Amino acid sequence: PHAVSVKRARAMRFAGASRQEQEVPGQQGCRGASSWEPALMLAMQRAFTEGLTPHAAATAGQWHCPICEIDVDVWNLEAHIDSGNHSRYREHKHYLKTLHQQQHRGELPDFIELRGGIEYCKLCWKYATEEHKLSERHQRQVVYHRMYAGAATLASNAVSGWTLPTPAVAPTPPSLNHQQRACNASVVSEAGGDLTS
């Protein structure tokens, strides 16, 4: 009986019922049921949308939160869903899911790999936290990597049998115009040579 009255008191606080609403005339043992039931139903609906699942009948009144990996009492559903820990865990799981999708699609840079579900920077040999990604050292390493990644690709292609295209032959200079021929002829005649062209 004591446990039932404690749960009933929690329900009254949960629903925000006043002392007058708790006393229902003519009904003993069922105080204020009409005031907390709608609030409890809303909390349960919200729990379902958040992904919480009710336990089997053996543990009635308990719900499991797969995000936080804990069991929650039915009367604490709203408080748990609104808690900072639940919000942080939810955001972290969403981030990990997005990260794995990016890796699967090949959208992560070639210098980032996942180690234990966490981004790892192979340029700096550190976990790629937001602070690390914004650091000057990492930014320099990324610029250096992008500058020389093309050269490394070309070198690996040469080793694997790929050849680079040969550059085009330099065009022959156009024929000399009349003034240039006259100038060249005077230079050659002064030197004692013959200009035959």
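Since the model is a prediction, treat every value here as computed from it, not as a measurement.
Sorted by first and then second residue, the salt bridge (charged side-chain N to carboxylate O under 4.0 Å, His left out) pairs involving residues 120-129 (not counting sequence neighbours) form an empty list. Residue pairs meeting the salt bridge (charged side-chain N to carboxylate O under 4.0 Å, His left out) criterion with at least one member in residues 97-114, sequence neighbours excluded, are Arg105-Glu107, Glu113-Arg115.
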Handout entry: Phe111 vs Val142, side-chain contact (heavy atoms from CB on, under 4.5 Å): CA-CA, chis, key distance, verdict
Key = CA-CA 9 Å; Phe111 53 86; Val142 169; 3.8 Å; yes
Exercise for the section: Take Glu91 and Arg88, measure what salt bridge (Lys or Arg N to Asp or Glu O under 4.0 Å) needs, and give me the verdict at the end. Expected result: CA-CA 5 Å; Glu91 289 171 13; Arg88 282 190 295 277; over 6 Å; no
Handout entry: side-chain contact (heavy atoms from CB on, under 4.5 Å) between Thr49 and Gln45, intermediate numbers included
Key = CA-CA 6 Å; Thr49 60; Gln45 286 175 349; 5.8 Å; no
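The shortest side-chain heavy-atom distance between Asp73 and Trp63 does not fall under the 4.5 Å cut-off. With a 4.5 Å cut-off on side-chain heavy atoms, Cys121 and Gln141 do not count as touching. Residues His64 and Leu52 are not in side-chain contact: their nearest non-hydrogen atoms beyond the backbone lie 4.5 Å or more apart. Contact check for Leu77 versus Arg46: no side-chain heavy atoms found under the 4.5 Å cut-off. No side-chain heavy atom of Tyr144 sits less than 4.5 Å from a side-chain heavy atom of Leu123. Within the 4.5 Å cutoff, the side chain of Ser87 has heavy atoms near those of the Arg90 side chain. No side-chain heavy atom of Ile81 sits less than 4.5 Å from a side-chain heavy atom of Val72.
Its side chain within the 4.5 Å cluster rule, Ile118 clusters with Tyr120, Trp125, Tyr127 among the Ile, Leu, Val, Met, Phe, Trp and Tyr residues. Alongside Tyr89, the hydrophobic cluster contains Ile67 (criterion: ILVMFWY side chains under 4.5 Å).
The environment of His100 atom NE2 is dense: over 12 non-hydrogen atoms of other residues, nucleotides or ligands sit within 6.0 angstrom. For CD of Glu136, the number of neighbouring non-hydrogen atoms (other residues, nucleotides, ligands) closer than 6.0 Å is 12 at most.
Looking at residues two or more places apart in sequence or on another chain, you find no salt bridge (Lys or Arg N to Asp or Glu O under 4.0 Å) involving Arg137. Residues satisfying the side-chain hydrogen bond (donor to acceptor under 3.5 Å, both in side chains) test with Arg140, not counting sequence neighbours, are none.
Between His80 and Cys65 the shortest heavy-atom distance is NE2-SG, 3.3 Å. Between Lys133 and His138 the shortest heavy-atom distance is O-CD2, 3.3 Å. Contact between Cys68 and His86 at its shortest, heavy atoms only, is SG-ND1, 3.3 Å.
Clustering ILVMFWY residues whenever any of their side-chain heavy atoms sit less than 4.5 angstrom apart, transitively, puts Leu108 in the very cluster that holds Tyr95. Residues Tyr148 and Val143 share a hydrophobic cluster, clusters being chains of Ile/Leu/Val/Met/Phe/Trp/Tyr side chains in contact below 4.5 Å.
No side-chain donor from either of His132 and Glu119 sits under 3.5 Å from a side-chain acceptor of the other.
Residue Glu78 holds its CD atom at 5.5 Å from CG of Asp82, rounded to the nearest 0.5 Å. A distance of 13.0 Å separates NE2 in His104 from CG in Leu114, rounded to the nearest 0.5 Å. In this structure, Gln103 CD and Ile112 CD1 are separated by 11.0 Å, a value rounded to the nearest 0.5 Å.
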